[in-house]
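Letters go in sequence order (proteins before strands), and every chain restarts at 1.
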There are 4 protein chains.
Amino acid sequence: MKEEITRHSVKLFQQKGFSETSIQDIVDSVGVTKGSFYYYFKSKEQLLMEIHSRYIDDLLHRQKKVIANEENNQNKIAKIIELIILDIKTQGPNGRIYLREMRNLSKKNADIIKAKRSKFRHNIEQVIVEGIESGEFRKELQPKLITFAVLGVTNWSYQWMNPSGDVSVEELAVIFSDFVLHGIQAKEG
Amino acid sequence: MKEEITRHSVKLFQQKGFSETSIQDIVDSVGVTKGSFYYYFKSKEQLLMEIHSRYIDDLLHRQKKVIANEENNQNKIAKIIELIILDIKTQGPNGRIYLREMRNLSKKNADIIKAKRSKFRHNIEQVIVEGIESGEFRKELQPKLITFAVLGVTNWSYQWMNPSGDVSVEELAVIFSDFVLHGIQAKEG
Amino acid sequence: MKEEITRHSVKLFQQKGFSETSIQDIVDSVGVTKGSFYYYFKSKEQLLMEIHSRYIDDLLHRQKKVIANEENNQNKIAKIIELIILDIKTQGPNGRIYLREMRNLSKKNADIIKAKRSKFRHNIEQVIVEGIESGEFRKELQPKLITFAVLGVTNWSYQWMNPSGDVSVEELAVIFSDFVLHGIQAKEG
Amino acid sequence: MKEEITRHSVKLFQQKGFSETSIQDIVDSVGVTKGSFYYYFKSKEQLLMEIHSRYIDDLLHRQKKVIANEENNQNKIAKIIELIILDIKTQGPNGRIYLREMRNLSKKNADIIKAKRSKFRHNIEQVIVEGIESGEFRKELQPKLITFAVLGVTNWSYQWMNPSGDVSVEELAVIFSDFVLHGIQAKEG
DNA sequence: GATGAATGAGAGTTCATTCAT
DNA sequence: CATGAATGAACTCTCATTCAT
């Protein structure tokens with residue numbers, strides 16, 4: 001039931017926004033009563049926090065695996081981009097909430113999520129640092145800013161990308177990896 | 001007075017979000033009463049619509065000038081990126097509202113804004129198309145998707161960029177132009 | 001278990017008030033679940049009724065003994081005052097609920113308790129009547145009103161008296177008996 | 001209107017209790033809507049606080065005058081008792097709320113009211129101290145405890161006294177003054 | 001005996017909006 | 001132009017109570 005409520009909430013938050021979705025909307029959608037909602041969740045914010053936590057925890061976990069498994073830094077970057085882009089199809093609504101609705105977390109909860117987001121960002125930054133050291137990427141790059149550029153490319157996709165449109169997530173991942181790698185690779189030969 | 005109300009609203013919407021900001025918050029901030037607000041604005045949504053309209057109209061106007069004045073497509077791209085990034089300093093709050101708060105427009109108004117946003121996007125796409133034709137940019141690029149990538153890089157900056165931090169908007173514009181152009185330029189020689 | 005629930009309830013009702021204490025508060029305090037509560041009590045009101053009933057039944061029982069055992073009416077008054085005041089130490093919370101939370105009984109139950117309270121009051125009144133007849137107390141006293149005065153002195157003590165403060169309940173009982181008896185005794189010879 | 005709301009609230013709080021009276025009850029009684037209530041009061045607690053404040057401020061003010069105007073301490077005591085008892089007729093509901101509903105004030109507000117209540121009590125205590133010194137009252141009395149006894153007599157009257165019953169407030173004031181003064185006066189001659 | 005999930009009514013509060021003055 | 005009183009709908013959340021297991 002908790003799962004059920006969460007599922008419907010994610011869908012509604014994504015469509016209408018967190019503040020614009022009422023508890024009534026949620027329970028009507030699930031087909032239960034308000035009392036039930038508050039049996040499972042202490043507050044509306046707690047529900048939002050759970051959505052955020054799950055999402056970023058899962059992302060961090062998979063990012064870790066990718067970084068551990070890929071051999072060179074170019075591939076690591078490509079795989080991280082792929083990770084985020086392929087998720088649009090399976091995790092789209094979750095991702096959109098994750099990217100838009102942090103304002104509605106309490107300071108305490110927001111801090112927890114922010115720390116994890118930073119971790120995710122620093123992991124990418126680290127790959128770029130190592131890619132520069134290994135000669136894969138251009139020496140003059142500023143890893144921190146490039147990381148923000150990469151995240152801009154991937155995260156913004158959650159705003160416009162339609163996985164059932166004429167470009168598939170798989171194709172998009174390749175195209176964006178290509179764009180990013182051209183942007184940062186050192187000249188060959 | 002209308003200007004005054006708009007100014008305070010922009011600041012508040014950016015800090016707390018549109019739904020989370022009450023008319024009371026706005027009029028308290030300005031130092032007038034609710035009656036006054038409704039003398040100048042038909043509704044809260046109309047205020048939001050005006051903020052959106054102004055912002056995108058101004059952006060389109062300046063984009064047009066840039067495209068007209070720059071000679072080659074590389075410079076056009078660089079100048080458009082600069083346009084968006086430099087704005088973070090002067091138009092940050094407006095920009096953030098523009099990027100986040102479209103959900104709260106009525107369908108009718110949202111459609112108007114969406115059309116203008118598309119125009120802005122198509123103008124960039126057109127530059128890329130022409131850059132490919134002129135040989136400046138790589139033949140295999142998909143202009144539409146590259147446009148989304150570029151907008152991702154610039155728009156996402158409104159989320160994290162602090163114009164009074166250790167990287168200035170001017171530096172960031174150069175760094176991001178460089179990144180994007182490396183990503184799309186045809187191999188020389 | 002029923003005893004256990006009642007004990008914890010009395011403590012909570014006294015601290016926060018009947019309406020302000022939820023069934024959840026009670027069962028959390030006891031360490032059981034709501035289902036259990038409703039196994040032992042038909043309703044929250046029934047619990048309150050039992051607390052009231054026990055308290056006044058016990059009081060009436062002990063008042064009866066005191067009146068039967070004491071020889072003169074002065075001693076009867078003194079012993080009744082002692083009875084109520086000493087209880088602050090052992091029955092404080094029960095007493096406070098008894099004095100404050102009658103509003104939350106249904107009419108039917110309230111009537112039952114009111115009848116018993118009246119009985120308690122009339123018993124005191126009767127002692128005063130007999131004391132006047134015997135010449136112990138002043139002729140001009142109005143027994144009914146004096147009874148209310150005595151009850152005011154004793155009952156109000158439940159509001160402010162701290163049995164572990166610098167006056168003990170034993171001392172207070174003596175002081176208040178003295179005050180009351182001076183107030184009603186006939187001038188001696 | 002604020003006055004109107006307060007008046008109806010006092011009546012309802014007295015009848016049903018603060019927690020048991022809903023904002024809906026209040027506005028239905030006045031004939032306005034909930035919005036109006038919150039136009040005049042920040043919260044339900046603020047309304048309660050205003051009722052408490054007014055009541056104790058008025059009481060303190062009048063107590064001060066009585067103490068200043070009466071010549072001997074016996075009269076001061078008698079007049080203070082009269083003050084409280086006569087109020088049952090005109091201020092009954094206010095008084096009952098004052099005596100019963102302090103639990104529902106926030107700690108901050110409760111502290112303010114408690115301080116004023118203590119002032120009222122200390123003023124009586126002071127009269128007793130001076131009466132002992134002047135020889136009017138018995139030497140062995142403990143002023144603090146006697147004060148509580150006197151307040152018990154008067155305050156408890158708010159619970160049972162019916163000003164339109166067969167004893168008038170004026171008569172009761174005389175009877176209770178007489179009872180109290182007999183209780184504390186030094187033996188004459 | 002005891003649990004835990006579920007209910008439904010109602011609580012206090014907020015808020016965009018209206019309108020007579 | 002501007003105010004301030006008033007509305008009514010909706011909001012988040014609480015709670016006594018029920019009942020299948």
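Across all strands shown, the partner of dA11(E) is dT12(F), judged by Watson-Crick or G-U wobble contacts whose two distances both fall under 3.5 Å. In this structure, dA20(E) forms a base pair with dT3(F), meeting either the Watson-Crick or the G-U wobble geometry with both donor-acceptor distances under 3.5 Å.
When the C1' atom of dG10(E) is taken as reference, atom CD1 of Ile26(D) falls 15 Å away, rounded to whole Å. Rounded to whole Å, atom P of dC15(E) lies 13 Å from atom CZ of Phe18(B). If you measure from atom CG of Asn104(C) to atom P of dA16(F), you get 11 Å, rounded to the nearest angstrom. Summarising the geometry, the separation between CG on Leu47(A) and P on dC13(F) is reported as 11 Å, rounded to the nearest angstrom. At whole-Å resolution of the value, CG in Asp28(B) and P in dG4(F) are 12 Å apart. One can place CD1 of Ile23(D) at 5 Å from P of dG12(E), the figure rounded to the nearest angstrom. Rounded to whole angstrom, the span from the CZ atom of Phe41(D) across to the P atom of dT14(E) amounts to 15 Å. Note: NZ (Lys42(A)) to C1' (dT14(F)) measures 14 Å, nearest angstrom.
Backbone-only engagement by Thr21(C) is indicated by non-hydrogen atom pairs under 4.0 Å involving sugar-phosphate atoms exclusively. Residue Ser36(D) is classed as a base contact, given a heavy-atom separation below 4.0 Å to a base. Within the nucleic acid shown, Phe37(A) has no heavy atom closer than 4.0 Å to any nucleic acid atom.
When all heavy atoms are compared, the tightest approach of Val32(C) to Met1(C) is CG1-SD, 3.9 Å. In this structure, Leu105(D) and Ala110(D) approach most closely via the heavy-atom pair CB-N, 3.9 Å.
Between Phe18(B) and Phe13(B), the two ring planes are perpendicular [angle over 60°; tilted spans 30° to 60°].
Nearest-nucleotide positions on DNA chain F place Met1(D) closer to the 5' end than the other of Glu20(A) and Met1(D). Between Thr33(B) and Tyr38(C), the residue whose closest nucleotide on DNA chain F is further toward the 5' end is Thr33(B). Where Tyr40(C) and Gln24(D) meet DNA chain E, the nucleotide closest to each residue was compared, and Tyr40(C) sits on the side nearer the 5' end. Heavy-atom nearest nucleotides on DNA chain E were determined for Glu45(B) and for Tyr39(C), and the one closer to the 5' end corresponds to Tyr39(C).
On a pure distance criterion of 3.5 Å, no polar donor-acceptor pair joins the side chain of Lys34(C) and the base of dT18(F).
The listed nucleotides are dA16(F), dT13(E), dT3(F); the one nearest the side chain of Ser22(C) is dA16(F).
Counting heavy atoms from C-beta outward, Glu20(A) and Gln15(A) have side chains that stay 4.5 Å or more apart.
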(request) Using the side chain to side chain contact (heavy atoms under 4.5 Å, CB included) rule, take Ile97(D) and Leu48(D) through it: C-alpha gap first, then chi angles, then the decisive distance, then the call. (result) CA-CA 9 Å; Ile97(D) 293 168; Leu48(D) 182 60; 3.8 Å; yes
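Nucleotides dT21(F) and dG1(E) have their C1' atoms positioned 13 Å apart, rounded to a whole Å.
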